[in-house]
S.K.: 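Mind looking over this structure? Questions follow.
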Amino acid sequence: MNPQLRKPVIAGNWKMYKTIAETEAFFTGIAPLVAGPSHADIVIAPPFTALRRAVELGAPIGIGISAQDLHWEKEGAFTGEISAAMLRDAGCRYTLIGHSERRQFFGETDQSVNKKLKAALGAGLIPIVCVGETLAEREAGQTEAVLDRQLTQGLAGLTEAAFSPIIIAYEPVWAIGTGRTATPEIAQQAHAFIRNRVGGTISPAAAQRLRILYGGSVKPDNIAGLMAQPDLDGALVGGASLDPHAFADIVRFDRKR
Ligand code: PEP
């Protein structure tokens with residue numbers, strides 16, 4: 001991590017968990033634990049139904065709110081979908097795009113990632129674009145080819161200026177929700193590949209500024225080892241973000257507990 005150049009980001013993805021009452025309980029629990037200035041940007045991605053309440057409760061304690069997905073059109077006959085402008089209207093500052101669960105279960109492709117990315121940027125949302133290989137792809141030695149394809153197609157057609165707010169999350173699918181975290185060395189290798197790849201296609205300066213998060217079974221007891229790697233700039237946390245104490249411990253990875 002290079003804190004001078006890249007402020008860390010610790011983001012929690014709640015997936016399809018938490019009602020509004022549970023959201024309120026989470027923010028009540030975490031507020032005293034993250035009070036005051038933070039060395040990291042702290043982000044929570046609740047389900048759509050809890051977004052507005054999370055925005056209200058997150059703002060006073062410096063927690064930015066993210067959507068988990070969006071549609072690329074501005075509005076229209078797209079039953080069940082939500083636009084970037086609607087997310088901004090609800091107070092969101094970030095959105096996840098291309099999470100592996102969207103890719104696996106809901107037909108997300110590199111092409112739809114690219115359209116969503118441009119819609120998010122156009123509305124002033126900070127996109128957190130998720131990439132990562134499956135276990136079969138890693139075992140077949142295809143990790144870099146998969147990342148290369150996801151980055152080439154997902155980030156296609158962006159100028160350096162348009163690219164600048166983007167955050168990338170490297171989330172090996174085999175590590176998500178499995179308790180099987182990538183070793184810091186495996187994560188570092190993938191992060192360095194991603195940074196290098198962005199250096200070649202966008203610009204070396206953009207690559208140096210790019211914040212790359214690791215996701216996949218991040219917990220309070222493995223965050224420090226991951227964050228010690230030079231190309232890891234934060235974490236996207238699923239399961240452990242549901243508990244305010246565990247998530248706060250991850251946010252405060254720089255402190256001895
Ligand atoms: C995720 O949902 O992006 C994730 C990394 O989940 P978990 O931390 O539970 O593996």
Side-chain angles (χ1 to χ4, degrees), residues 1-2 6 8-9 11 13 68-69 94-118 120-121 126-160 162-178 180-218 222 226-227 229-238:
M1 182 188 53
N2 183 338
R6 306 188 290 267
V9 183
N13 171 20
Q68 296 177 14
D69 191 24
Y94 301 81
T95 182
L96 304 184
I97 299 177
H99 190 279
S100 64
E101 287 154 14
R102 304 278 341 151
R103 294 179 191 259
Q104 271 180 294
F105 306 132
F106 302 101
E108 188 84 275
T109 63
D110 295 322
Q111 286 66 36
S112 60
V113 166
N114 187 250
K115 290 198 274 188
K116 291 177 179 188
L117 179 56
K118 289 173 178 164
L121 290 168
I126 300 172
I128 303 176
V129 181
C130 304
V131 296
E133 79 288 359
T134 63
L135 183 59
E137 289 164 342
R138 172 159 287 270
E139 287 177 347
Q142 294 169 350
T143 298
E144 294 191 350
V146 168
L147 294 176
D148 191 60
R149 189 205 73 226
Q150 291 174 335
L151 294 169
T152 303
Q153 298 181 10
L155 304 180
L158 295 183
T159 62
E160 185 174 353
F163 178 82
S164 68
I166 293 175
I167 295 169
I168 292 180
Y170 169 63
E171 298 209 302
V173 179
W174 47 271
I176 296 180
T178 58
R180 187 180 163 191
T181 324
T183 62
E185 294 70 28
I186 287 178
Q188 165 58 25
Q189 221 174 14
H191 283 229
F193 176 82
I194 292 167
R195 195 177 305 287
N196 194 33
R197 181 70 187 57
V198 166
T201 51
I202 307 290
S203 79
Q208 278 313 302
R209 285 191 303 268
L210 171 66
R211 295 186 289 179
I212 309 175
L213 316 185
Y214 167 78
S217 299
V218 172
N222 59 27
L226 289 161
M227 290 303 292
Q229 299 299 316
D231 286 296
L232 259 95
D233 307 307
L236 180 53
V237 185

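None of the values given here were measured: they were computed from a predicted structure.
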S.K.: Using a strict cut-off of less than 4.0 Å between a Lys/Arg side-chain nitrogen and an Asp/Glu carboxylate oxygen, indicate whether R149 and E133 qualify as a salt bridge.
M.R.: no

S.K.: Please check: side-chain N/O of R6 versus main-chain N/O of Q208, any donor-acceptor pairing under 3.5 Å?
M.R.: yes

S.K.: Calculate, to the nearest 0.5 Å, the distance between atoms OH and CD1 belonging to Y94 and I167 respectively.
M.R.: 5.5 Å

S.K.: Under a 3.5 Å distance rule, please check whether Y170 uses its side chain to pair with a backbone N or O of Q188 as donor and acceptor.
M.R.: no

S.K.: Hey, is the main chain of V218 close enough, under 3.5 Å, to the side chain of T181 for a donor-acceptor pair?
M.R.: no

S.K.: Can you measure from CG (L121) to CD1 (I126) and round to the nearest 0.5 angstrom?
M.R.: 10.0 Å

S.K.: Under 3.5 Å, is there a donor-acceptor pair between the side chain of Q229 and the main chain of E185?
M.R.: no

S.K.: Salt bridge check: are K116 and E108 linked by an N-O gap of less than 4.0 Å?
M.R.: yes

S.K.: Counting C-beta onward and ignoring hydrogens, is there a side-chain heavy-atom pair between L236 and Y214 closer than 4.5 Å?
M.R.: no

S.K.: Please tell me whether S100 and E171 have a donor and an acceptor in their side chains that are separated by less than 3.5 angstrom.
M.R.: no

S.K.: Which pair of heavy atoms, one from P172 and one from G215, lies closest together, and at what distance?
M.R.: CD-O, 3.3 Å

S.K.: Is it the case that over 12 heavy atoms from other parts of the model lie below 6.0 angstrom from the CD atom of Q142?
M.R.: yes

S.K.: Between the side chains of R197 and T152, is a donor N or O closer than 3.5 angstrom to an acceptor N or O?
M.R.: yes

S.K.: Would you sort out whether L151 and T201 count as a side chain to side chain contact (heavy atoms under 4.5 Å, CB included), showing the intermediate values?
M.R.: CA-CA 9 Å; L151 294 169; T201 51; over 6 Å; no

S.K.: Taking D148 for its side chain and T143 for its backbone only, find out whether a donor-acceptor pair lies under 3.5 Å.
M.R.: no

S.K.: To the nearest 0.5 Å, what is the distance between OG1 (T95) and CD (Q68)?
M.R.: 8.5 Å

S.K.: Quick test of your reading of the model: are D110 and K115 salt-bridged, counting only N-O distances below 4.0 Å?
M.R.: no

S.K.: Hey, could you give me the CG/OG distance between L117 and S112, rounded to the nearest 0.5 Å?
M.R.: 11.0 Å

S.K.: Assess the residue pair R195 and D233 against the criterion (salt bridge (Lys or Arg N to Asp or Glu O under 4.0 Å)); give the C-alpha distance rounded to whole Å, side-chain angles, the decisive distance to 0.1 Å, and a yes or no.
M.R.: CA-CA 11 Å; R195 195 177 305 287; D233 307 307; 2.8 Å; yes

